Amino acid sequence: MPELPEVETVRAGLADHVLDQVITEVEFRHPRATRRSPGGEAALADATTGARITAIARRGKYLWCEFGNSDATLLIHLGMSGQILIDPRPGMPRHHLRARFAIGSHEVWFVDQRTFGHLMISESHETPDGQPAGWGSNQPRIPTAIWHIARDPLDSYADLPAIARAIRGRTTSIKRALLDQTVVSGIGNIYADESLFHARIHPRRATATMSQKQALKVLHEAREVMTQALAAGGTSFDVLYVDVAGRSGYFERELTVYGRAGLPCVRCARPIVRESFANRSSHRCPSCQRTPAPAHLAKC
DNA sequence: AGCGTGTCCTGGATGC
DNA sequence: TGCATCCAGGACACGC
């Protein structure tokens with residue numbers, strides 16, 4: 001399940017192989033892959049065939065290709081199970097292959113078992129702050145389809161104090177705010193739990209009752225845990241996720257709470273608990289992340 | 001307007 | 001053993 005560090009690993013891998021190359025062939029193998037793209041498969045193929053890739057950019061979990069002076073971008077979201085495979089081995093199974101591209105001398109596959117991922121063409125427009133929209137972008141433009149996606153904790157143009165203030169302005173729980181991509185992007189269930197553990201904050205803590213220092217602490221921990229995950233090559237839980245060359249990440253060994261229900265807390269040895277949260281689950285240490293007083297607890 | 005819930009999807013795990 | 005149900009997850013449409 002690719003989150004920000006995994007997506008960045010994919011971005012860097014793609015940039016290594018297809019930057020300055022021309023897309024010569026596009027083939028779609030599943031209609032859901034292009035469901036959000038205006039005009040569908042035909043328009044996407046039309047917009048990309050013959051185009052030269054001049055940047056591979058990323059904001060949060062979204063990737064996009066820039067094409068020189070063109071306003072059009074090819075936007076990619078890997079969803080839960082999406083993978084990008086470059087020059088896949090000849091025997092690689094094809095049953096989850098959703099789209100394939102010939103780019104320069106490379107074969108590039110978009111493989112996605114659960115089909116939550118998608119590809120789309122999006123026009124772009126100038127960023128409000130005049131800065132590049134994300135890692136790898138070399139122009140101050142953002143795909144219009146993701147104008148509402150906030151900068152992520154690894155983005156050098158992200159204003160963490162401003163994000164902390166936005167979090168505190170919400171009437172919800174800190175975990176919901178962290179998962180809201182319009183507040184801060186790139187944080188999924190795994191890194192939300194990890195960041196909150198490191199910051200010693202309960203997932204259901206009401207954001208409006210948090211101090212600026214506490215909110216900022218959570219964001220800094222998110223940045224830290226993602227930086228470490230990135231250095232380790234991305235997190236992986238099963239064979240669904242592999243990076244562009246088909247290798248799995250190995251950061252999962254470093255996770256402190258996520259997926260560790262019943263196992264001892266790395267700090268205090270009390271068993272980690274798993275609780276249901278908004279049709280999902282939260283993992284926390286009942287001792288390091290104590291339940292706040294009712295007045296400081298959000299409804300969900 | 002802002003917030004919370006339901007939905008999309010597949011296949012491994014679990015239950016009877 | 002086999003069938004049925006549950007569950008995981010990100011993003012967004014929708015309703016309150």
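Note that the structure is a prediction, hence the values are computed from the model and not measured. Here is the naming used below: chain letters follow the sequence lines, and residue numbers restart at 1 for every chain.
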> Considering only B/dC9, C/dA11, C/dG10, which nucleotide approaches the side chain of A/R114 most closely?
Replying inline: B/dC9
> Heavy atoms under 4.0 Å, any strand shown: does A/G188 hit a base, just sugar-phosphate, or nothing?
Replying inline: sugar-phosphate
> Nearest of C/dG10, B/dG11, C/dC12 to any side-chain atom of A/E3?
Replying inline: C/dG10
> Which part of the nucleic acid, if any, lies within contact of A/R35, taking any heavy atom under 4.0 Å across all strands shown: a base, the sugar-phosphate backbone alone, or nothing?
Replying inline: nothing
> So does A/K61 get a side-chain nitrogen or oxygen closer than 4.0 Å to the phosphate oxygens (OP1/OP2) of C/dA11?
Replying inline: yes
> When the distance from CG of A/D180 to C1' of C/dC12 is rounded to whole Å, what number comes out?
Replying inline: 11 Å
> Out of C/dA11, B/dC8, B/dC3, which has the shortest distance to the side chain of A/R32?
Replying inline: B/dC8
> Among the nucleotides C/dA11, B/dC9, B/dC3, which one has an atom lying closest to any side-chain atom of A/T171?
Replying inline: B/dC3
>> Between A/F116 and A/R176, which residue's closest nucleotide on DNA chain B lies nearer the 5′ terminus?
In response: A/R176
> For A/R141 and A/E126, which heavy atoms make the closest approach, and how far apart are they?
Replying inline: NH1-CG, 3.8 Å
> What is the distance, rounded to the nearest whole Å, between atom CG of A/L78 and atom P of C/dA11?
Replying inline: 10 Å
> Between C/dA11, C/dC12, B/dC9, which nucleotide gets closest to the side-chain atoms of A/R280?
Replying inline: C/dA11
>> Against A/H202, only a single residue in A/K175, A/Q289, A/R284 fulfils side chain to side chain donor-acceptor pair (under 3.5 Å); can you say which?
In response: A/R284
> Counting side-chain heavy atoms from C-beta on, which of B/dT10, C/dC12, C/dG10 comes nearest to A/H148?
Replying inline: C/dC12
> A/Y62 has a side chain; which of B/dC3, C/dA11, B/dT10 sits nearest to it?
Replying inline: C/dA11
>> What's the closest nucleotide to the side chain of A/Q113 if the choices are B/dT10, B/dC3, C/dG10?
In response: B/dT10
>> Checking contacts here: which listed nucleotide (B/dG4, B/dC3, B/dC8) is nearest the side-chain heavy atoms of A/T172?
In response: B/dG4
> Is atom CG of A/D20 surrounded by more than 12 heavy atoms (other residues, nucleotides or ligands) closer than 6.0 Å?
Replying inline: yes
>> Please report the distance, rounded to the nearest Å, between CG in A/N279 and C1' in C/dC14.
In response: 15 Å
>> Restricting to ring-ring contact (aromatic ring centres under 6.0 Å, His included), what partner residues turn up for A/F197, sequence neighbours left out?
In response: none
> Rounded to whole angstroms, how far apart are NE2 on A/H95 and P on B/dT10?
Replying inline: 12 Å
> Does A/D152 come within less than 4.0 Å of A/R59, counting only side-chain N to carboxylate O?
Replying inline: no
> Taking only N and O in the side chain of A/H77, is any of them less than 4.0 Å away from OP1 or OP2 of C/dA11?
Replying inline: yes
